[in-house]
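Here the structure is a predicted model, which means the values were calculated and not measured. Below, chain A is the first sequence line, B the second, and so on; all start at residue 1.
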There are 2 protein chains.
Amino acid sequence: MRDATPQGTYKVQALDRAFAVLDLLGESDTPLGLAQVAASLQLHKSTAHRFLMVLERHRMVERTSNGKFRLGLRLFDFGNRAIEQYDLRDRAQPHLRRLVAETEETAHLALLEAARVIYIDKIEPTRSVRMITRVGASNPVHCTAVGKAMLAFLPPERSAEILKRVRFERMTTRTIATLDALRTELEKTHRRGYAVDDEELEEGLRCIAVPVLDAQRLPVAAVSVSGPSFRVTAQKLPSIANHLLQCVRGISMDMGYMPSGRGARSAVLA
Amino acid sequence: MRDATPQGTYKVQALDRAFAVLDLLGESDTPLGLAQVAASLQLHKSTAHRFLMVLERHRMVERTSNGKFRLGLRLFDFGNRAIEQYDLRDRAQPHLRRLVAETEETAHLALLEAARVIYIDKIEPTRSVRMITRVGASNPVHCTAVGKAMLAFLPPERSAEILKRVRFERMTTRTIATLDALRTELEKTHRRGYAVDDEELEEGLRCIAVPVLDAQRLPVAAVSVSGPSFRVTAQKLPSIANHLLQCVRGISMDMGYMPSGRGARSAVLA
DNA sequence: TATAATTTCTCATATGATGGGACACGCGTC
DNA sequence: GACGCGTGTCCCATCATATGAGAAATTATA
């Protein structure tokens, strides 16, 4: 019942197991004891114990006062090193803040990885219901505005590559369920210049997103505004989209992506 | 020259090696090729290759377009899960923002782990030189204001435990270099109610910090304000300290740490 | 194109992870 | 206080598993 990555031919048992441990601890919202870890992963106590001790030495896990295990702060360190390379995040932040101030809704910054989107930042308006998303978490492309925004502006060959891998999990009744439907949606998105997720990921939640384009006019990320459907109404979409476009234009400038010189501005920024 | 954790008796070679790979990629600011990884870690090509493939399958590393390796976003995911358990961070953020607005200098939120402090959040004023610190990074306790702030308000037995482990690395000419000196400094800190780092970590950088106390009046974290010495002058310290105290009081409240009921307020909040 | 420097893959070998099981602890029950 | 149960810790003989030499394939460099 764990993640299906069947084509992975290279194997190092110890590593797979260690990551399974980390996974487990990451999923659980409460620290786990040795016994629970061993049982959940079908490892024998001594094995699980050894792993946990080694992981602890590396500060990948740490023990609570009562001896239970949870994820360690080393991971936090690594995580921050990992996104550091994408300085996109730092640069984008002020623009996202402005966006949130303007729209009074939650803004997300996401990257595309395989057929999933990964949220690398989230800004929430001061007074609002907190969103469930966690920075670092991921969602399938097909049911998110950010995902569709990036796909729609990727060159055909790259998007085709990704589309092949979409699994079309159903999240709500409105989730796009077929490749054809997604293709049509992407064309619509491209024409419109922004992507919409109309309760396709989560009941009652509406999002709207536009891609951040690099110097070659290729999407490197996407910014979205999300809020409860009753506030993010169909009428408001164009206005929000405008704020979004301003925002990503700002980000692109800050990243040093020239407005692509002369004429020929893409549909998005036009 | 690697990390000295000699007493760690439990060993899983594969894990140690895998983490060494991650470490290496984390240190390097530019992606590395298989050959470089293998050479740096004295692993044989095939071994390094296998590891990298497995790590890639787990998305702990990813490949750039030219085939080189760097840290993967899965680590970012894990890191955020790890920090999630300390919801301190989320709760503290608004208070830190206010603090930054008031002082116009950079604020940090840090935790204590072993004899080091780990920065779990950083807020920078809009117009300012960017600080070099990275969220997730760590520093020795003895040369940071946050470290001294926490140590000074820890119960003697706990702080003694930590003091034993301090290595007294020299960072600048002003870095505290002996256990005795540190002890005196901690007493001073305790009396004063706030800790000061006067260019002890970095030339030209002055910091001031106070601990965040939990319901049992124990430090769980510390908040600091840092800036160039010419702006963060000796005269300004008390005023900044006041803002800091307000800030941590706010955080404590938000965390549900009651103002400890009746009388007996600690020196810090008094 | 030739040549060098990569990365990828295969496979026999012995190293090193494995898990059975013994021990020690804390805790509630009898 | 003795017993049982559920913990976590530790040791060590066994063999499954990771290992690295080297060949093949790919990509960069001259």
Side-chain angles (χ1 to χ4, degrees), chain A residues 2-3 5-25 28-72 114 157-158 161, chain B residues 2-3 5-25 28 30-72 114:
Chain A
R2 208 105 282 284
D3 61 5
T5 323
Q7 81 282 32
T9 165
Y10 294 91
K11 213 179 171 184
V12 177
Q13 195 192 51
L15 271 189
D16 286 333
R17 288 177 162 185
F19 289 134
V21 170
L22 292 181
D23 250 328
L24 184 68
L25 294 178
S28 154
D29 39 341
T30 148
L32 301 175
L34 168 62
Q36 316 180 55
V37 173
S40 309
L41 299 174
Q42 320 226 53
L43 295 177
H44 291 246
K45 291 188 309 179
S46 14
T47 311
H49 182 249
R50 188 160 3 92
F51 275 111
L52 285 165
M53 297 313 268
V54 174
L55 288 172
E56 187 188 23
R57 179 156 49 79
H58 286 277
R59 295 178 28 237
M60 305 304 259
V61 310
E62 56 186 40
R63 315 194 72 163
T64 60
S65 42
N66 54 64
K68 300 206 178 292
F69 297 90
R70 65 171 168 198
L71 294 184
E157 62 279 12
R158 294 260 325 264
E161 187 63 34
Chain B
R2 209 101 282 286
D3 59 6
T5 322
Q7 81 283 33
T9 167
Y10 294 89
K11 212 177 172 190
V12 177
Q13 195 192 52
L15 269 189
D16 287 332
R17 288 175 161 188
F19 288 134
V21 170
L22 292 181
D23 251 327
L24 183 70
L25 294 179
S28 154
T30 148
L32 300 175
L34 167 61
Q36 316 181 53
V37 173
S40 309
L41 300 174
Q42 321 225 54
L43 295 178
H44 290 245
K45 289 167 336 157
S46 11
T47 310
H49 183 250
R50 189 161 0 93
F51 274 110
L52 285 165
M53 297 314 269
V54 174
L55 288 172
E56 188 189 23
R57 179 157 47 80
H58 287 278
R59 295 178 29 237
M60 307 302 263
V61 310
E62 56 185 40
R63 316 194 69 164
T64 60
S65 42
N66 53 62
K68 301 206 176 295
F69 297 90
R70 65 171 169 199
L71 294 183

**Message:** Does anything in residues 64-72 of chain B come within less than 4.0 Å of DNA chain D? Heavy atoms only, and list the residues if so.
**Reply:** none
**Prompt:** Should the heavy atoms of other residues, nucleotides or ligands under 6.0 Å from CZ of A/Arg158 be counted, would the total exceed 12?
**Reply:**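 No, CZ of A/Arg158 has 12 or fewer neighbouring heavy atoms, counting only those of other groups under 6.0 Å.
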**Prompt:** Crowded around B/Gln42 CD? As in, over 12 foreign heavy atoms under 6.0 Å?
**Reply:** no
**Prompt:** side chain to side chain contact (heavy atoms under 4.5 Å, CB included) with B/Ser28: which residues, sequence neighbours excluded?
**Reply:**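 B/Ser28 satisfies side chain to side chain contact (heavy atoms under 4.5 Å, CB included) with B/Thr30, B/Leu32 only.
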**Asked** Mind checking what makes side chain to side chain contact (heavy atoms under 4.5 Å, CB included) contact with A/Arg50, not counting sequence neighbours?
**Response** A/Thr47, B/Tyr10, B/Val12
Once side chain to side chain donor-acceptor pair (under 3.5 Å) is applied, do any residues pair with [X], and if so which ones, sequence neighbours excluded?
| X | value |
| --- | --- |
| A/Asp29 | none |
| A/Glu62 | A/Arg70, B/Tyr86 |
| A/Ser40 | none |

**Item:** Selection from D/dT9, D/dC10, C/dT6 that lies nearest to any side-chain heavy atom of A/Leu34
**Value:** D/dT9
**Request:** Between C/dT6, D/dC10, C/dG20, spot the one nearest the side chain of A/His44, thanks.
**Result:** C/dG20
**Complete:** Taking five pairs at each terminus, the helix from C/dT1-D/dA30 to C/dC30-D/dG1 shows an axis bend, to 10°, of 40°
Rounding to a whole Å, what distance do you find between [X]:[atom1] and [N]:[atom2]?
| X | N | atom1 | atom2 | result |
| --- | --- | --- | --- | --- |
| A/Met53 | D/dC11 | CE | P | 12 Å |
| A/Lys11 | C/dA17 | NZ | P | 16 Å |
| B/His49 | D/dG22 | NE2 | C1' | 15 Å |
| B/Lys45 | C/dC9 | NZ | P | 14 Å |

For nucleotides 15-17 of chain D, print each protein N/O atom paired with a nucleotide N/O atom at under 3.5 Å, atom names and distance only.
| unit_1 | atom_1 | unit_2 | atom_2 | d |
| --- | --- | --- | --- | --- |
| D/dT17 | OP1 | A/Gln13 | NE2 | 3.1 |

**Asked** Nearest nucleotide by nearest heavy atom, which residue falls closer to the 5' end of DNA chain D, B/Leu43 or A/Leu32?
**Response** A/Leu32
**Item:** Earlier contact from the 5' end, DNA chain D, for A/Thr47 and B/Phe51
**Value:**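 Per heavy-atom nearest nucleotide, the more 5' residue is A/Thr47.
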Between [N] and [X], is there an OP1 or OP2 to side-chain N/O distance shorter than 4.0 Å?
| X | N | answer |
| --- | --- | --- |
| A/Arg63 | D/dT9 | yes |
| B/Tyr10 | D/dC10 | yes |
| A/Arg50 | C/dT18 | yes |

**Asked** Between A/Leu25 and A/Phe69, what is the shortest heavy-atom contact and its length?
**Response** CD2-O, 3.5 Å
**Heavy-atom pair with the smallest gap, counting every atom of B/Pro31 and B/Thr64** =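 Shortest heavy-atom separation between B/Pro31 and B/Thr64 comes out as CG-CG2, 3.7 Å.
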**Request:** Hey, could you give me each pair passing side-chain hydrogen bond (donor to acceptor under 3.5 Å, both in side chains) that has a residue in residues 12-21 of chain B? Not counting sequence neighbours.
**Result:** A/Arg57-B/Asp16, A/His58-B/Asp16
**Request:** For the residue pair B/Phe51 and B/Leu34, establish whether any side-chain heavy-atom pair is separated by less than 4.5 Å.
**Result:**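 With C-beta onward as the side chain, the pair stays apart.
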